[in-house]
There are 2 protein chains.
Amino acid sequence: MAEGFSSKQARQIVGITDRQLGYWRRTELVCPSERTDGGHARYTFQDLIALTTAKRLIDAGVSVQRIRKNIAALTALLPTLDRPLSEVSLMATGDVVLVFHGGMAFEALSGQEWIFPVAELQRQVEAVRGDAPEQGELFAGWDMQQQADTTDRDGDDPLAVAS
Amino acid sequence: MAEGFSSKQARQIVGITDRQLGYWRRTELVCPSERTDGGHARYTFQDLIALTTAKRLIDAGVSVQRIRKNIAALTALLPTLDRPLSEVSLMATGDVVLVFHGGMAFEALSGQEWIFPVAELQRQVEAVRGDAPEQGELFAGWDMQQQADTTDRDGDDPLAVAS
DNA sequence: AACGGACAAACTATATCGCTTTTGTCCCTA
DNA sequence: TAGGGACAAAAGCGATATAGTTTGTCCGTT
C-alpha cells in the first residue's frame, strides 16, 4: 500500500486545493487509480501527471468545463487514448487547446488541424518574380530547449512549433 | 513605374477577388505601398506577402475583423513591427492567432503567452519520485520540413500562416 | 482595367440573461 | 487526516437579439 500518493501529497505536489482534488475526483475529471484498504485515495504517478496537466490548463485560462469537453473530444478522436490528460501533449490558452500527436497539431474540440508552413508562401510569391527573400532559414528551429536566440534577430522569424 | 504589381496581378497571385482587394485597401487592411503616376495602385513584394498572409488567415477561419484586431494588438505589443502581416510568424485557426516571436508563442490579442510543455511537467513529477515515464518523446518531433506539403491535401484547410 | 457607389445577403461581434459548474468556507463523522 | 454535506459567491456557458462588417452583383466613370 505504499504504492501511491495520498490526497495530501498529491495536492501539495500538484498545487491545488483540497476542495479541487475532491471535486475533480467526485466528478471524474481525475480519479485516483488506486485505493487503500480503508478506501482512501491513492494517486499513482500517472494520476499526478494528469492532475498537473489539468492544473496547468487552468492556469493557462482554460476552464474546467472546457477541459472536460476536450477530454471527451480527444478520447472520441483518438480512441486508443485512455487518459488524454496524461498521455498527450497539450498547449493552450484561454479557450483553445491544441494537441500534438502523431506529428501534427490540432484542436482537440473540433479536430481541426492547425499549423504549418511558411516557406511555401514565400516561394509562391517568389515564383512570380525573381525577387529574393532575405535569409535562408525560414523556420528557425523552434526548440523548446534552446530557445535562446531569436531575440537577437529583430523582427521576423517565421517558424513553427514544437515538440 | 514597372516597380510593383498591378491590382489585377496582385489579386491573381494572391487569389482574392477584386472586391476584396479594393475593400482591404480602402479600409487599410493592406494598402499598396506605391502608386502609378496616374494614381493607380502598385503592390510591392512585401504587400503581396501581407495579402497572402491575410488570405491564409481567412482560409484558416479567422475573420477579417479579427485580423484587424490582431494587427492592432501586435503593433501595440511589438512597436518595432511596422507591418505584422508581413513581418511576423503567425499560426492560426478559427478564433485564435498565435504569434511566434523571440522564441515564444503568444496570442496576439491578449498577449497571453501560451503554455506548453509537458516534458517539463514530466520532470517535475519525476523529481518527486524515481519513477520513470514510459517513453522519451513526448512531443513527437514536430518538424516542419518533413511534414510534406499540405497543398495536395484537399481543399479547405485549417492552417496556419506565417511569414 | 481600375475604381467607386448603391444595395442586399451573408457573416461576425457584442451584450445580456438565465442556468450550470466550480470553488471556498464552515461543520460533521470516521 | 480523509472525506462528505450544505450553502453561497464566483466563474463560465449557451442561446438570443442587436449592431456592425465584409463581400457579391450590377452599374457608371475615367
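Letters A, B, ... are given to chains in the order of the sequence lines, protein chains preceding strands, and every chain is numbered from 1. Bear in mind that the values here come from a model prediction, so they are computed numbers and not experimental data.
The stretch residues 70-77 of chain B has no heavy atom under 4.0 Å from DNA chain D, so no residue of it qualifies as close.
Using modelled atom types, no side-chain atom of B:E87 and backbone atom of B:P84 make a donor-acceptor pair closer than 3.5 Å. Using a distance-only test at 3.5 Å, with no hydrogens or angles considered, no donor-acceptor pair links the side chain of B:T75 to the main chain of B:P79.
If you take OH on B:Y43 and OG on B:S6, they are separated by 10.0 Å, rounding to the nearest 0.5 Å. In this structure, A:L51 CG and A:R25 CZ are separated by 11.0 Å, a value rounded to the nearest 0.5 Å.
Close to D:dG4, at under 4.0 Å from its OP1 or OP2, lies a side-chain N or O of A:R26. Here B:S6 does not reach the OP1 or OP2 of C:dA1: none of its side-chain N or O atoms lies under 4.0 Å away.
Residues A:V88 and A:I58 fall within the same hydrophobic cluster, defined by Ile, Leu, Val, Met, Phe, Trp and Tyr side chains chained together at heavy-atom separations under 4.5 Å.
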Problem set entry | Contact letters for nucleotides 6-22 of chain C, in which S counts primed atoms plus P, OP1 and OP2 and B counts the base, heavy atoms under 4.0 Å | B-----SSS------SB

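Among residues two or more places apart in sequence or in another chain, the side-chain hydrogen bond (donor to acceptor under 3.5 Å, both in side chains) test is passed with B:R19 by none. Every residue two or more places apart in sequence or in another chain was checked for a side-chain hydrogen bond (donor to acceptor under 3.5 Å, both in side chains) with B:S110, and none qualifies. Take A:R83 and apply the salt bridge (charged side-chain N to carboxylate O under 4.0 Å, His left out) test, not counting sequence neighbours, and it matches A:D47.
Distance, A:I16 CD1 to C:dT23 P: 9 Å, rounded to whole Å. Regarding B:D18, its CG atom lies at a distance of 10 Å from the P atom of C:dA1, rounded to whole Å. Spacing between atom OH of B:Y43 and atom P of C:dA2 amounts to 10 Å, rounded to whole angstrom units. Whole-Å rounding puts the B:R11 CZ to C:dA2 C1' distance at 9 Å.
In this structure, the helix from C:dA1-D:dT30 to C:dA30-D:dT1 shows an angle of 60° between the axis at its start and the axis at its end, each fitted on 5 base pairs and rounded to 10°.
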